[in-house]
Amino acid sequence: MVREIHADDLRELLELYLYLHEDSVPEMTKHLYSTWDTILQDDNHHIIVNEVDGKIVSSCVCVIIPNLTRGIRPYAFVENVVTHADYRGRGYATQCLDYAKNIAENTSCYKMMLLTGSKNENTLRFYENAGYNSSDKTAFIQWI
């Protein structure tokens, strides 16, 4: 079942992020809970999860960014696309991305963007099959 995150899903989401690029679940500090509350209260910040048998197995984040160009239409940024290793290849992440696309369409976004650090051909093909391309724009990253 694809849905938006619930407030009590935090720990399970953080555990899923171990399959992304994290090496440990962060401490449950005041700062973490404050950040979590900020995310949950932001109508433009959507954490989408796919739940199988009561377990969150896949997720992505979709942030809608207000914009003054393109007819004052917002754009969507997708980040943190992840699937638990035991559930990959079953379409769960695609369902999350489709949910994000529906959010973007319903908020009149003119485009969706995502970045990946992966060079894995299967991962790149996954994003292409989900409707993204790597030819329209060039991405630059400055790590801070």
Side-chain angles (χ1 to χ4, degrees), residues 1-26 31-144:
M1 170 180 72
V2 181
R3 62 174 173 81
E4 292 209 39
I5 197 92
H6 298 150
D8 60 351
D9 291 330
L10 175 60
R11 178 79 184 185
E12 193 172 0
L13 179 67
L14 294 174
E15 289 172 1
L16 180 64
Y17 283 168
L18 294 174
Y19 294 94
L20 189 60
H21 48 65
E22 299 301 309
D23 56 10
S24 65
V25 173
H31 176 63
L32 184 138
Y33 285 118
S34 174
T35 301
W36 181 239
D37 288 341
T38 299
I39 290 168
L40 292 175
Q41 293 174 23
D42 184 348
D43 290 338
N44 286 322
H45 199 135
H46 304 269
I47 299 178
I48 300 155
V49 297
N50 202 333
E51 186 178 63
V52 176
D53 297 326
K55 177 180 180 168
I56 295 174
V57 300
S58 189
S59 180
C60 73
V61 172
C62 177
V63 179
I64 307 302
I65 302 168
N67 181 41
L68 295 174
T69 65
R70 304 286 180 152
I72 315 173
R73 292 175 61 200
Y75 56 93
F77 188 77
V78 175
E79 183 67 53
N80 296 336
V81 181
V82 61
T83 300
H84 187 291
D86 295 342
Y87 292 84
R88 291 185 180 153
R90 301 182 196 176
Y92 297 127
T94 299
Q95 292 171 350
C96 289
L97 291 175
D98 289 344
Y99 194 103
K101 184 177 180 183
N102 286 335
I103 291 170
E105 289 172 340
N106 289 335
T107 55
S108 299
C109 289
Y110 77 95
K111 71 178 176 182
M112 294 182 74
M113 299 182 295
L114 69 78
L115 301 173
T116 182
S118 177
K119 306 297 184 216
N120 182 302
E121 285 298 321
N122 290 332
T123 302
L124 302 178
R125 198 167 24 262
F126 164 74
Y127 289 125
E128 288 171 354
N129 289 338
Y132 295 85
N133 75 70
S134 60
S135 60
D136 287 347
K137 299 265 184 175
T138 301
F140 291 88
I141 303 292
Q142 184 179 61
W143 296 101
I144 300 173

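Source: prediction; values computed, not measured.
Residues Asn80 and Leu20 are in side-chain contact: their nearest non-hydrogen atoms beyond the backbone lie under 4.5 Å apart. For the pair Leu13 and Trp36, the minimum side-chain heavy-atom distance is below 4.5 Å. Residues Met112 and Phe77 fail the side-chain proximity criterion, which asks for heavy atoms closer than 4.5 Å. Residues Leu10 and Leu32 form a side-chain contact, since some pair of their non-hydrogen atoms from C-beta on lies under 4.5 Å apart. Side-chain atoms of Ile48 and Val2, non-hydrogen and from C-beta on, do get closer than 4.5 Å to each other. Two residues are said to be in side-chain contact when any heavy atoms from C-beta on lie closer than 4.5 Å; Leu97 and Val81 meet this criterion. Contact check for Tyr17 versus Val25: no side-chain heavy atoms found under the 4.5 Å cut-off. Counting heavy atoms from C-beta outward, Ser134 and Leu124 have side chains that stay 4.5 Å or more apart.
Between Ile5 atom CD1 and Leu40 atom CG the span is 8.0 Å, to the nearest 0.5 Å. For the atom pair CD1 of Ile141 and CD1 of Ile144, the computed distance is 10.5 Å after rounding to the nearest 0.5 Å. Here the OG1-OH distance, from Thr116 to Tyr127, works out to 4.5 Å after rounding to the nearest 0.5 Å.
Using a cut-off of 4.0 Å between Lys/Arg side-chain N and Asp/Glu carboxylate O, Glu51 and Lys55 are scored as not salt-bridged. We find that Asp9 and Arg3 are joined by a salt bridge, their nearest charged nitrogen and carboxylate oxygen being less than 4.0 Å apart.
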Going through the distances and angles, do Glu4 and Tyr99 end up as a side chain to side chain contact (heavy atoms under 4.5 Å, CB included)?
-> CA-CA 9 Å; Glu4 292 209 39; Tyr99 194 103; 3.7 Å; yes
Residue pair His46, Ile64: steps toward the side chain to side chain contact (heavy atoms under 4.5 Å, CB included) verdict | CA-CA 8 Å; His46 304 269; Ile64 307 302; 4.2 Å; yes
Evaluate the criterion side chain to side chain contact (heavy atoms under 4.5 Å, CB included) for residue pair Thr94 and Phe126; output intermediate values, then yes/no.
-> CA-CA 8 Å; Thr94 299; Phe126 164 74; 3.1 Å; yes
Hey, mind stepping through Gln95 and Arg90 against side chain to side chain contact (heavy atoms under 4.5 Å, CB included) and telling me if it holds?
-> CA-CA 10 Å; Gln95 292 171 350; Arg90 301 182 196 176; over 6 Å; no
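The heavy-atom pair separating Ala139 from Leu115 by the smallest distance is CB-CD2, 3.4 Å. Taking every heavy atom of both residues into account, Pro66 and Pro74 meet most closely at CA-CB, 4.2 Å. Summarising the geometry of Cys62 relative to Ala76, their closest heavy-atom pair is SG-CB, 4.0 Å, with the distance given to 0.1 Å.
Annotation for Asp8: atom CG counts as buried by contact number, over 12 foreign heavy atoms lying within 6.0 Å.
Here the side chain of Glu12 pairs a donor or acceptor atom with the backbone of Ile56 at under 3.5 angstrom. For His21 (side chain) and Leu18 (main-chain N/O), no donor-acceptor pair under 3.5 Å exists by modelled atom type. For Asn50 (side chain) and Tyr92 (main-chain N/O), a donor-acceptor pair under 3.5 Å exists by modelled atom type. With Ser59 contributing its side chain and Val82 its backbone, the two residues share no donor-acceptor pair below 3.5 Å. A side-chain donor-acceptor contact under 3.5 Å links Asn106 to the backbone of Asn102. No donor-acceptor distance shorter than 3.5 angstrom exists from the side chain of Asn122 to the backbone of Arg125, with no hydrogens or angles considered.
By the 30° and 60° cut-offs, the orientation of the rings of His84 relative to Tyr19 is tilted.
A side-chain N or O of Asn67 and one of Thr69 form a donor-acceptor pair less than 3.5 Å apart.
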